[in-house]
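The first residue in the sequence is number 1, and the count goes up from there. Since the structure is predicted, the reported quantities are computational estimates derived from the model, not experimental observations.
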Amino acid sequence: MDDRIFLNQEECKKLFLEKEVFIFGTGVDAQEAQKELSQYAVVLAYIDNNRYGEGNKFHGKNIISLEQFFNQRCNGQQIIVASYRYAMEICKQLIEAGLVPVKDFFVWDEMHLFHYDISTRKYIDFLNDKWRLHEKSNYANQILVPFDNRHDLMSVIYAYCANYFAEKHDAVIYAYFRKGSNYSNASKVIKEIYKSFNVKNLINTELSEYQQEEADQLCDSVWKTLSTWEDWKNITVYGICFGTTIVRDFMREYIPDFDLKSKKMYLFLKKRMRTIVFWYHYIFENDIKVVLLADGVTWDGYIRDIAITKGIPTYALCYKMAKMTLDYCDRAPYPFFKSMWTQLTSEEQEYGIKWAKEHIESRLRGGTEEVFNNNKENFTFAEKKKGTRVLAQNDKIKIIICPHIFEEDTFWCGEQIFDNNNFSWLCHLGELSEITPEYDWYLKMHPAAKRRDFIIIDMILKKYTKIKKIASDVSPFQMKEEGADFALTVCGTIGHEYPEIGIQVINAGINPHTSFEFTWNPKTKEEYDDLILHLDRLEKKVDETELYQFYSLNYLFYNWEYVSYRTLFFENPLLAMSSLELQMYGKKLGTWKYEEYMKEWTQEKHEKILSQLGEVFQKLDEWKPDILYRKEKTDR
């Protein structure tokens with residue numbers, strides 16, 4: 001590909017000043033590009049292969065297909081590809097459609113993934129010096145490591161862990177491109193980084209002709225069995241139930257259809273059957289000793305479940321270090337929290353209750369000390385009451401639906417009543433709203449909602465007109481004053497917030513509060529519906545003591561960072577932060593991390609990390625969800 005196609009911000013400004021352009025992409029990369037481009041150019045629309053459709057918008061502009069682009073392009077406007085993960089695939093698609101690189105389209109490369117900057121070159125030389133290849137006697141043994149097409153210091157963690165296992169098993173390290181992206185999309189710059197810490201090659205995931213036929217036959221066979229979301233949840237291939245992984249993957253990336261037999265749903269299934277077929281053959285036909293994953297969930301789940309089925313040790317390393325299990329969920333300890341409380345000493349329990357009471361009171365006043373980073377900025381308990389009513393003034397029971405963010409993993413706490421996906425749950429609530437005229441139904445957008453959330457929620461509200469949308473910044477206190485009686489969530493934090501102000505919470509699956517009695521926790525769809533249809537008969541749940549028990553366990557005593565990669569690999573806390581965390585400090589991922597890491601590296605620390613890894617992975621192997629792992633220090 002001609003290097004002139006790759007543009008940074010300054011080059012884009014020179015080329016597109018006061019011009020009309022189309023952006024290909026609707027993800028986080030397109031969002032970054034849009035922020036800059038909209039200052040000096042006119043974005044006509046966004047192109048996307050999966051998210052286009054009538055009424056679908058991104059930053060107020062239509063999301064269109066490539067075919068629609070050709071219909072709308074009238075003055076030779078150019079396309080800017082803004083999708084680092086799929087950039088080369090998109091370029092290939094544009095060329096096949098008759099467009100010419102540099103003339104008709106360019107690639108946004110502000111992150112320097114396709115052309116080098118000084119910091120990256122220094123980092124590559126640094127890694128080459130620190131990770132000198134040890135000759136292997138058995139090139140058949142493999143360690144698999146994720147290929148992240150971005151500038152981040154996950155490469156440090158991957159380097160240590162992959163080389164540790166390569167030495168242990170006399171194995172060669174291979175990388176695989178995450179999210180099912182074709183290996184041709186890989187940045188030549190990032191490939192050079194991986195090569196510098198002994199990655200032999202990037203796995204080519206293109207299927208053989210035989211595998212493609214097998215995948216298509218499996219797809220058509222499975223497709224015939226799919227009528228409901230429950231059918232999707234139970235999809236089984238090669239004796240492995242991939243259903244939950246498929247649902248998690250779909251909900252995190254795509255816009256769902258009400259019609260489960262739509263072309264979009266079929267094409268997604270076909271794509272994922274090809275993923276499953278490739279990785280099943282690759283893992284079962286090669287001698288793989290250890291599989292290293294990124295976050296271990298959604299798309300990673302296909303590799304995870306196949307590897308575990310074969311008995312291969314499998315670990316997640318991206319922003320949390322954990323040993324993987326089939327259908328892994330991040331918050332597996334919650335069902336055991338009540339019994340963990342009894343393991344605290346009487347002094348700890350007494351202090352925990354006191355601490356929790358003070359901290360919950362602070363939270364309800366708008367304090368965000370224990371609020372997740374991505375929710376701090378728009379925390380609704382910090383909002384002032386509005387001057388006008390939000391809920392209708394009548395005697396009807398008022399229900400507030402509190403949806404989750406679709407870009408978060410839908411299986412965060414584990415099994416859900418409604419087929420392990422939030423869309424199925426919301427649609428079911430829509431159906432209930434149609435048969436309960438004695439209730440007022442409202443939907444309050446999540447304060448951190450973005451992109452697809454608005455598209456999906458608007459689809460639901462257009463179909464189920466009995467539900468009224470209210471703003472995300474409405475104060476819960478105002479909702480309570482205006483008569484809100486019940487709030488519905490799958491597993492949200494409102495479960496330990498709303499009960500304190502008198503709004504009862506009904507969950508729809510395993511959740512943080514699942515072992516306590518201060519929220520409602522039906523176990524089946526039938527139990528759930530019985531609760532919703534008879535809200536007037538429910539006795540109010542009031543158990544502040546249990547709420548305080550949960551709160552102190554969750555935020556004070558339980559150690560969610562069982563193994564802390566943050567302090568194991570880095571000294572500067574910024575180096576271990578995700579892109580969302582960095583936003584709190586006005587920063588984003590980039591090559592600046594390389595400079596900072598090289599400043600703090602020492603041979604002594606390097607050798608110390610290598611000496612600790614055996615103990616670290618043994619510790620991960622021994623972790624169990626029903627054991628109370630305490631923080632080393634609390635603020636007692």
Side-chain angles (χ1 to χ4, degrees), residues 84-85 87-88 111-114 116 119-206 278-279 282-283 285-296 299-300 303-304 307 312-318 321 565 569 589 591 593-594 597-598 601 606 609-610 613 617:
Y84 288 128
R85 180 169 285 133
M88 295 301 100
M111 292 294 289
H112 290 280
L113 286 179
F114 300 101
Y116 295 87
S119 296
T120 305
R121 288 197 180 278
K122 286 167 60 179
Y123 183 59
I124 291 170
D125 290 341
F126 172 85
L127 292 176
N128 272 317
D129 181 57
K130 308 308 175 192
W131 294 104
R132 297 190 182 179
L133 180 64
H134 291 242
E135 197 63 34
K136 306 300 174 192
S137 60
N138 187 349
Y139 279 83
N141 296 339
Q142 295 184 26
I143 307 298
L144 299 190
V145 65
F147 182 87
D148 279 324
N149 214 31
R150 60 184 179 181
H151 286 298
D152 192 9
L153 285 182
M154 281 310 304
S155 53
V156 168
I157 301 175
Y158 295 156
Y160 276 105
C161 297
N163 279 282
Y164 165 76
F165 283 117
E167 289 298 308
K168 181 177 180 179
H169 296 287
D170 191 26
V172 178
I173 306 169
Y174 284 88
Y176 61 89
F177 209 133
R178 294 186 64 212
K179 300 289 186 182
S181 179
N182 187 286
Y183 83 118
S184 65
N185 289 305
S187 152
K188 64 181 182 182
V189 178
I190 305 299
K191 280 173 73 175
E192 191 69 21
I193 290 173
Y194 272 65
K195 182 180 177 183
S196 69
F197 65 82
N198 298 333
V199 172
K200 183 173 178 60
N201 216 336
L202 187 61
I203 296 170
N204 179 356
T205 55
E206 290 183 356
F278 175 85
W279 282 108
Y282 191 90
I283 289 170
E285 293 168 9
N286 287 281
D287 196 356
I288 297 165
K289 299 302 182 182
V290 174
V291 173
L292 303 177
L293 303 172
D295 59 11
W299 186 89
D300 285 17
I303 299 177
R304 177 198 67 213
I312 301 169
T314 305
Y315 303 90
L317 302 178
C318 187
M321 298 186 73
Y565 69 91
F569 297 102
L589 296 179
T591 60
K593 277 192 171 189
Y594 301 152
Y597 175 71
M598 289 185 286
W601 188 94
H606 176 66
I609 293 171
L610 289 173
L613 286 177
F617 283 102

Residue pair Gln142 / Ala171: nearest heavy atoms and the distance that separates them = N-CB, 3.9 Å
Would you say the side-chain atoms of Asn149 pair up with the backbone N or O of Ser187, donor to acceptor, closer than 3.5 Å?
-> yes
State, yes or no, whether a side-chain contact exists between Leu144 and Trp279 at a heavy-atom distance under 4.5 Å.
-> yes
How far apart are the closest heavy atoms of Pro146 and Ala294, and which atoms are they?
-> CG-N, 3.5 Å
Do Tyr160 and Trp131 have their ring centres less than 6.0 Å from each other?
-> yes
Here the gap from Lys188 atom NZ to Lys195 atom NZ, rounded to the nearest 0.5 Å, amounts to 14.0 Å
How long is the gap from CG on Leu317 to CG on Leu292, to the nearest 0.5 Å?
-> 5.0 Å
Are Arg178 and Asp295 close enough, and set up right, to give a side chain to side chain contact (heavy atoms under 4.5 Å, CB included), and what steps lead you there?
-> CA-CA 10 Å; Arg178 294 186 64 212; Asp295 59 11; 3.6 Å; yes
If you measure from NZ on Lys168 to CG on Leu613, what distance do you get to the nearest 0.5 Å?
-> 10.5 Å
Return yes if some donor-acceptor pair links the side-chain N/O of Asp287 with the main-chain N/O of Asn141 below 3.5 Å, else return no.
-> no
Point-to-point distance, once rounded to the nearest 0.5 Å, from CD1 of Ile203 to OH of Tyr183 | 12.0 Å
Validation row: Thr120, Glu192 side chains within 4.5 angstrom (heavy atoms) | no
Determine the interplanar angle of the Phe177 and Phe147 rings, folded into 0 to 90°, and report it as parallel if under 30°, tilted if 30 to 60°, perpendicular if over 60°.
-> tilted
Is Tyr597 close to Phe126 at the side-chain level, that is, under 4.5 Å between some pair of heavy atoms?
-> yes
Separation between SG (Cys161) and CZ (Phe197), nearest 0.5 Å, reads 10.0 Å
Below 4.5 Å, heavy atoms only, C-beta onward: do Thr591 and Tyr123 meet side chain to side chain?
-> no
Check: Glu206 and Asn182 side chains under 4.5 Å, non-hydrogen atoms = yes
Evaluation steps, side chain to side chain contact (heavy atoms under 4.5 Å, CB included), between Tyr565 and Val156 = CA-CA 11 Å; Tyr565 69 91; Val156 168; over 6 Å; no
Tyr84 and Met111 have their tightest heavy-atom pair at OH-N, 2.9 Å
Hey, is the main chain of Gly296 close enough, under 3.5 Å, to the side chain of Arg304 for a donor-acceptor pair?
-> yes
Sole candidate of Val199, Val145, Asp148, Ile193 that passes side-chain contact (heavy atoms from CB on, under 4.5 Å) when paired with Ser155 = Ile193
Please check if the side chain of Asp300 supplies one atom and the backbone of Leu293 the other of a donor-acceptor pair under 3.5 Å.
-> no
Given His606 and Trp601, is the side chain to side chain contact (heavy atoms under 4.5 Å, CB included) satisfied, shown in steps?
-> CA-CA 7 Å; His606 176 66; Trp601 188 94; 3.4 Å; yes
Between Phe617 and Phe165, is the gap from one ring center to the other below 6.0 Å?
-> yes
Tyr176 side-chain N/O to Ile303 backbone N/O, donor-acceptor pair under 3.5 Å = no
Are there more than 12 heavy atoms of other residues, nucleotides or ligands under 6.0 Å from atom NZ of Lys200?
-> no
Would you say Asp125's side chain and Lys122's backbone share a donor-acceptor pair under 3.5 angstrom?
-> no
What distance separates Leu113 CG from His151 NE2, expressed to the nearest 0.5 Å?
-> 4.5 Å
Could you check Ile143 against Lys289 for side chain to side chain contact (heavy atoms under 4.5 Å, CB included), going step by step and ending with a plain yes or no?
-> CA-CA 6 Å; Ile143 307 298; Lys289 299 302 182 182; 3.9 Å; yes
At their closest point, which heavy atom of Ala87 faces which heavy atom of Phe114, and how far apart are they?
-> CB-CZ, 3.9 Å
Would you please test Asn286 and Tyr174 for side chain to side chain donor-acceptor pair (under 3.5 Å) and show each step?
-> CA-CA 12 Å; Asn286 287 281; Tyr174 284 88; over 6 Å; no
Are Tyr158 and Ile173 close enough that some pair of their side-chain heavy atoms sits under 4.5 Å apart?
-> no
